[in-house]
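A short write-up of the structure that comes next.
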Amino acid sequence: MKLHFTLNGEARTFETAPGERLSELLRRSGMLGVKIGCSTGDCGTCTVLFDGEPVVSCLMLAAQAEGASITTVEGLSRDGKLHPLQEAFLDEGAVQCGFCIPGMLLSSFALLEENAEPYEGEIRSALSGNLCRCTGYENPVRAVKRAARAMRGEEE
Amino acid sequence: MSRDHFHAVGKDIRKVDGVQLVTGAAAFADDFPKERMLHGKILGSPHAHATILSIDTSRAEALRGVHAVLTHENVLLAGAKGARQPVFERVAYTRAGQDYPEPSPWDFFLLDRKVRFVGDRVAAVAAETPEIAREAIDLIDVKYEVHDAVLTPREALAPGAPIVHDEPDARNIEDAGKNLCAAVDVHLRDLEKGLAEADLIVEGSYTVQRVQHAQLELHTAISYLGGDGRLTVIAATQVPFHVRRQLAQVLGWPVGRIRVIKPRIGGGFGGKQEMVIEDLCAALTLATNRPVRLELDRREDLVACRCRHAMELTCRTGSKKDGTFTAMELTALVDAGAYGSHSPTVPTNTGNKNLPRYRCPNMHYKFDAAYTNLVPTGAMRGYGTPQGSFALECHIDEVAEKLGIDPVELRIRTTVRAGDKDELSPHIYEVKTESPGPVDPSEGAGWPIDSCGMEECLVKGAEAISWKEKRSAFDEWNGKNPVLRKGIGMCCLSQGSGVAGIDTANATVKLNEDGSVNLFVGAADLGTGGDTVLVQMVAETLGLDAEDVTIYAADTDIVPFDSGAYASSTTYVSGGAAIRAAEEVRDDLIAIASKLLGESSENLVLENHAVFSSKSDKSIPIRDVATHSMYKEKEQIEHTARFVSPVSPPPFAAQFAEIEVDTESGEVRVVEFVSAIDAGTIISPKLASGQVDGAVSMGIGYALFEEMPVDSSGTQLMRGLNDYKIVKADGMPRLKTIFIETYEPSAPFGAKAVAEIPTNGVAPAIGNALKHALGVRLRELPFTPERILRAIGKME
Ligand code: FES
Ligand code: FES
C-alpha cells in the first residue's frame, strides 16, 4: 500500500502494510530518533510532530499519516547546524542516556512554537508526556528555558 | 588542591556522545539491525512454580517463517531442515554480571524443565518477523504439573515449604533444601556488652518493597555470526566482559571467538548488570545460523527481568544519654526471588554501606536471603543500600526522639570523621557466609576513612532548607490541626566507590602525531556521562582539551578488560586506570621533550597543548614531541595501565525533605528536597548534579508510589508504564543540591562516586518528615495514600 506524506520538510512516498504503526514505518525509513520505550503510548519516546502537534507515533497507524506533515528529531537540525534546543540540551547537561531526548526535544519545540516565553510550570506540563528515568527533569527544564532565551535573541 | 588548578576537570563540558544523542543518530543496540535478521520471542511461564510435563512445538515449527524453536530439551527444532539434534549442554550458571567466579549462585539454566516464577523462560522462537514469532509462541502447547508457590521469604524459610531449587546440579546455594539462597552473620566486638552499657535501647522494624529500574530503553540484543565464524553480540549491557565470559560458559564456546559490543545504553541502573537475554539471543543465532534480534517488550521488562530486593528489616540501638552509641544491630530478611543473582552481595551492602557511618564499637549485622517464586531480584542503583538506609535512618530519628536530641544534632555527634576507620566492612567481606562470632577488637582492622565531609553536609544541608526555623514553624502549624499538615525530615548516608579489591579497570592511551589521543576503556557508560568524565581526566593529565581525546568504550575485541559499570565505579576505578595510563604517556612526553629542549625533566610540565619548562620558560608543542617520537624515534607513545582499588572510599551525604500531607486524601507532596553531598572533587559539575536529580526522582518513586504487587498466584499486576508509574516532569519538588568538596587521597583528582548515594535518602527523609507532620511513624514503603490514611486512623 502506497502512502504519501511530508517527512522533515520533504514530500515522500512510502510503502506500508495494513496495521503497520507510524513509529515502525519511521524507524524502518531511517528515522532512528524515533525510540520505542513501550509501544503502548505511555512513555513518549516515540513522540513526533504531526502537523506541528506532538503525538506518540506508536499509537498511530502509518496510514493515518497520509497527506500530513511529520517532523522527527532528525528534522530539527538544518544543514548540519543544531537547533537552539539541541544546543541548550547539550549545554545544560540535560542529556544523560539520551533515550528520551528526541521526544523531549520535539515536545519542547512544539511548546516554544506556541509560547516563546513559557513559565516553568508550562514547560513541565509540556514535558509531562515524556518519561525520563535519568535526569529528574531539572536540566531538561533549564535547557528549554535557555533555548527560549536564545530563540528570543537574548544573550546568555 | 582545588578545582581552580584544573583546566578540564571540574568544568562543564558537553557530553562526548551528546551530539549523536540529540540528533537521533544511530546509537543504541536496536539502531544496528543486520541483513537477513530474524526476530526472537520468549514464551514465559503462566505459573509461579511448575514442572513442564510435555512441550509440543510441532504447530509452531510448521508455521511459515519460523526458523527455530528452543525448549528445555535443548533440542534444535529446525522447521526448515526438519532435523532434530541437541544443540546445547545443560550448564548451571548465573546471569549476574560480576567478576569470576561470581559470588552469586549458579542456579540458572538456559531453558529448564522447571519454571520458578510467572514469566520464567519456557521456550524461545526465532522467525522472519516479530509478528510471526509472536504467533509461533502462541502455538506452543505446554502441559505443566503445577506446584505450590512460595511468595514471601517467611513462607519460603518455614519448615515444609515447597523447594524452589531442588535441581541437583545448581551450585553455590547457601542451603537449597531450606530455600536459603545466601546469608551473612557478622559481629564487631560484643553487641550484648554494648547493650548492657546503654542508658536507652530502641528497637524498630521496617519493610521495603520491590521496585523496578524502568529504564526507558528495553532490554535489547542483536547477535550474528561473522564470515570468520565468530559470534558477535551487540547488547544493551553494563557488563560486556562478563557477558562474553558467561556466553562462553553457557554456549560451550571459547571466549576468543565471542565479541560483545556495548553501544550507547538507554539507562541501566543495575538492571543491565545482568545477562537478561543475550544468552538466549546468541543461542537462537547458533541454532539458525542467522542474525537474531531479541528485544523484550515493556510488559516482559516489568514481569520477567530484575527488581530491587524487598526486605523486612529490624534495627536495635543502645545509646548513652548524650547520644553516644554503644551497640547497633541491623538484621534483614531478604526476598531473593526465583534466582539468586546478586543476592549474596546486595544484602551485604545493606549492612556495610550503612552501619559504618556511625561511631559505635559493638555491631551486629545479619541477613537471610530466601528464594521465592517471584521475579528474581538483582542489582539496582544503590545496590542494597537504600533498603538499609530507610530502616536505619528512620530508626535513628526514633532514637533521637527518645533521647530528646535534635535529629541533625544527634547525627553530627554520632557519625564518623576523617581519620576514623570502618571496622565492620572488612569482616563482612572476609567472612561472607560464615559467622565468626565476635571479632577481636585489638587487631585494629578497618578501612581508613581519609576524606569525610559528613558534618559539613549535615550543617550546610540544614541551613539550605532552614531546618530549625521550619521544624518549629511546622510544629506550630500542625498544632492547629489543619487538614493540610507540614513536615520536614532528614537523614544521612554513605555508599562506596567501586568494590574494594574486586573492581578492576584497564585503560589504554595512545598518542597520535598531531597531539590528539585515543583512549580505550572497558568501562561501560550507561548514560551517566562516564565516558565524558574519563575524557576530562585524560585531557587534564596531558594538558589537552577534551576535544583532543576520542574515547572507545566497551567493545571486547578492542578495549582492555574492565569489571563494568556498577557500584558507582566508573569515576573512581575506571578513572584510576585512565589517569595512570595518561600519566605514563605524560612521562614519555616529558622524557623526549627534555632531550629536545635540553632541560631536565623535573622542570617540565604539560600545559595548554605544550610541554613547558617552569624554569626557563622554554616550550615545545605536544604535537611536535609526538611527531618526533613517531617518525624520528619510530615509536608511537602508547600505554596501558590498570587500577584495582584496595579500598572503596565512601562518599557521604545528608538529605532533607519538606513535605505537605493532605489528611483527607492521604496524598503527600514533596515541596522541597535538599541534597548535601561529599563526593570528593566534582569532575563534571552539571553531569554530577544531573546524577543527583535523577537519583532523587527515582527515590521519590520508591518512597511514594512505585511497587510491584502480585496476586495470590504470584502473577504480577503491573503490566506497563501506565500502571507502573514513574515520576513525571510535573511531579518533581524544588531541588537544591550542594556539593561539599573534599579531597580523597586515594582517588583520581580526589573524586569519589556520586551516582548512587543520592537515591538512598529520599525515602527515610520523607518518612521522617511524615512523622513530623502526622505524629505517627510509617514503617512500610511506599507511603501510598491508603497507608497514610490507615496510619492516621482514617481508613480500616
Ligand atoms: S513507545 Fe510510544 S509512547 Fe512509548
Ligand atoms: S536521559 Fe535517560 S531517560 Fe531521559
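For the numbers below, each heavy atom of this structure counts, side chains included, while hydrogens, waters and symmetry mates do not.
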Close side-chain approach of [X] to [Y], heavy-atom, < 4.5 Å:
{"X": "B:D297", "Y": "A:S39", "answer": "no"}
{"X": "B:D30", "Y": "A:R27", "answer": "yes"}
{"X": "B:R14", "Y": "A:D91", "answer": "yes"}

Looking only at A:E87, A:H83, A:M31, most heavy-atom pairs under 4.5 Å shared with chain B are made by A:E87

Sort by residue number and list every member of residues 2-26 of chain A having a non-hydrogen atom under 4.5 Å from chain B. none

Write out, in numerical order, the residues from residues 121-144 of chain A with a heavy atom short of 4.5 Å from a heavy atom in chain B. A:R124, A:L127, A:S128, A:L131, A:C132, A:R133, A:C134, A:T135, A:G136, A:Y137, A:E138, A:N139

Measuring heavy-atom distances to chain A, does [X] have an atom under 4.5 Å in its side chain, in its backbone, in both, or in neither?
{"X": "B:L216", "value": "both"}
{"X": "B:Q691", "value": "both"}
{"X": "B:D12", "value": "neither"}
{"X": "B:V19", "value": "both"}

Which atoms of A:I36 come close to chain B, meaning under 4.5 Å heavy atom to heavy atom: side chain ones, backbone ones, both, or neither? backbone

Carboxylate-amine/guanidinium proximity below 4.0 Å for A:K35 and B:E217: no

Can you tell whether the side chains of A:D42 and B:R298 come within less than 4.0 Å, N to carboxylate O? no

